[in-house]
K.L.:
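Let me begin by handing over the structure; questions about it come next.
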There are 2 protein chains.
Amino acid sequence: MPKPELPRPTEAELAILRVLWERGPSTVREVTDVLQEARGTGYTTALKLLQIMTEKGLVQRDETSRAHAYEAVASAETTQRQLVTDLLDRAFGGSARQLVLQALSAKRASRDELAEIRSLLDEFEKKAKS
Amino acid sequence: MPKPELPRPTEAELAILRVLWERGPSTVREVTDVLQEARGTGYTTALKLLQIMTEKGLVQRDETSRAHAYEAVASAETTQRQLVTDLLDRAFGGSARQLVLQALSAKRASRDELAEIRSLLDEFEKKAKS
DNA sequence: TACATCCTACGAAACTCTTCGTTGACAACT
DNA sequence: AGTTGTCAACGAAGAGTTTCGTAGGATGTA
């Protein structure tokens, strides 16, 4: 089988994924502690979300210890790419140029960031040549 | 008053906005005809959405003629910037570099597109200099 | 005038998302 | 054994989203 094709994470789910990407496999308690701070998420809320995300296949659960450990199934990069592709199709008619333009003008990218992006372009151009 | 700060459009609402941006002020019938094709949206569905969007302030309604004409309040650019900013915060921790990277690798941007983006960078760099 | 057509308005149904209260199991400590 | 604390599970409430059926008014035509 190729790849189960995960659903797009919702807003609250994405917040949880960000914690898991940052921390690696974590318990409900650990996730809650981070999100309690950041967005006031309660324990049972985080638990319920993680249970739903397990059903959806967004996270994997290790039930070895009493406090189950949850881990993101897809990497940050994969998920981010999915989200960008989605936004590109839904809001930009597929125009990467427009999206980059809005990203840069929204963010007021710094000089360093601009240089980094420029070197990204170099790589892509090299790849496109082949 | 400064600016009413519009809510982020939902998925179906965004589809409607895209039609309005493309066509300019349009009736429910005209919007439906486009979306019927693209996503099977029925007449009353489009009407209801436009009514809700009017309440939210996303569109303005001209009731002069019997068939009311709806017009997007925010420009495509403004809305796109809002959506990108949102995604940047929610999924990329504010890193425009990462977002651009994923956009380019997801899209497999063409040579022309890469050149266009490069010239965008030139402009931004010029602006950052001042 | 009668009939068909197009329009808005309303409301409800189905669904998703998010949150949280409650319950019962398990564990640790006294 | 009894108390306290932590845990997963479940269910339900409440909000938002999307869809559509139905009703009623206006317009156009036979």
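Keep in mind it's a predicted model, so treat the numbers as computed, not measured. The basis for the numbers below is simple: all heavy atoms, side chains too, and nothing from hydrogens, waters or symmetry mates. Every chain is numbered from 1 and lettered A, B, ... according to where its sequence line falls, protein lines coming before strand lines.
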K.L.:
Asp33(B): what forms a salt bridge (Lys or Arg N to Asp or Glu O under 4.0 Å) with it, not counting sequence neighbours?
P.N.:
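So Asp33(B) forms no salt bridge (Lys or Arg N to Asp or Glu O under 4.0 Å) with any residue.
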
K.L.:
Can you find a donor-acceptor N/O pair under 3.5 angstrom joining the side chain of Lys56(B) to the base of dG16(D)?
P.N.:
no

K.L.:
Salt bridge between Glu113(A) and Arg118(A), side-chain N to carboxylate O under 4.0 Å?
P.N.:
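Result for this pair is no, no salt bridge flagged.
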
K.L.:
What is the nucleic acid contact for Thr45(B), judged by heavy atoms within less than 4.0 Å: base, sugar-phosphate only, or nothing?
P.N.:
base

K.L.:
Going by modelled atom types, is there a donor-acceptor pair between the base of dT6(D) and the side chain of Arg29(A) at under 3.5 Å?
P.N.:
no

K.L.:
Measure NE2/His68(A) against P/dT6(D) and give the value in whole Å, please.
P.N.:
17 Å

K.L.:
How close or far is atom P of dC20(D) from atom CG of Leu49(B), stated in whole angstroms?
P.N.:
11 Å

K.L.:
Pick the nucleotide of DNA chain D nearest each of Arg66(A) and Leu47(A); which residue has the one closer to the 5' end?
P.N.:
Arg66(A)

K.L.:
Using five base pairs at each end to define the local axes, how bent is the helix from dT1(C)-dA30(D) to dT30(C)-dA1(D), to the nearest 10°?
P.N.:
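End-to-end axis angle for the helix from dT1(C)-dA30(D) to dT30(C)-dA1(D): 10°, rounded to 10°.
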
K.L.:
For Val34(B), which of Arg18(B), Arg23(B), Arg39(B) qualifies under side chain to side chain contact (heavy atoms under 4.5 Å, CB included)?
P.N.:
Arg23(B)

K.L.:
So, does Tyr43(B) get its side chain near the phosphate of dC6(C), meaning an N or O under 4.0 Å from OP1 or OP2?
P.N.:
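No.
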
K.L.:
Before accepting this row, confirm whether a basic side-chain N of the pair Lys56(B)/Glu13(B) lies closer than 4.0 Å to the acidic partner's carboxylate O.
P.N.:
yes

K.L.:
Specify the separation, in whole Å, of atom CZ of Arg90(A) and atom P of dT18(D).
P.N.:
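Taking CZ of Arg90(A) and P of dT18(D), I get 10 Å after rounding.
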
K.L.:
Taking CD from Gln51(A) and P from dT19(C), how many angstroms apart are they, rounded to a whole number?
P.N.:
15 Å

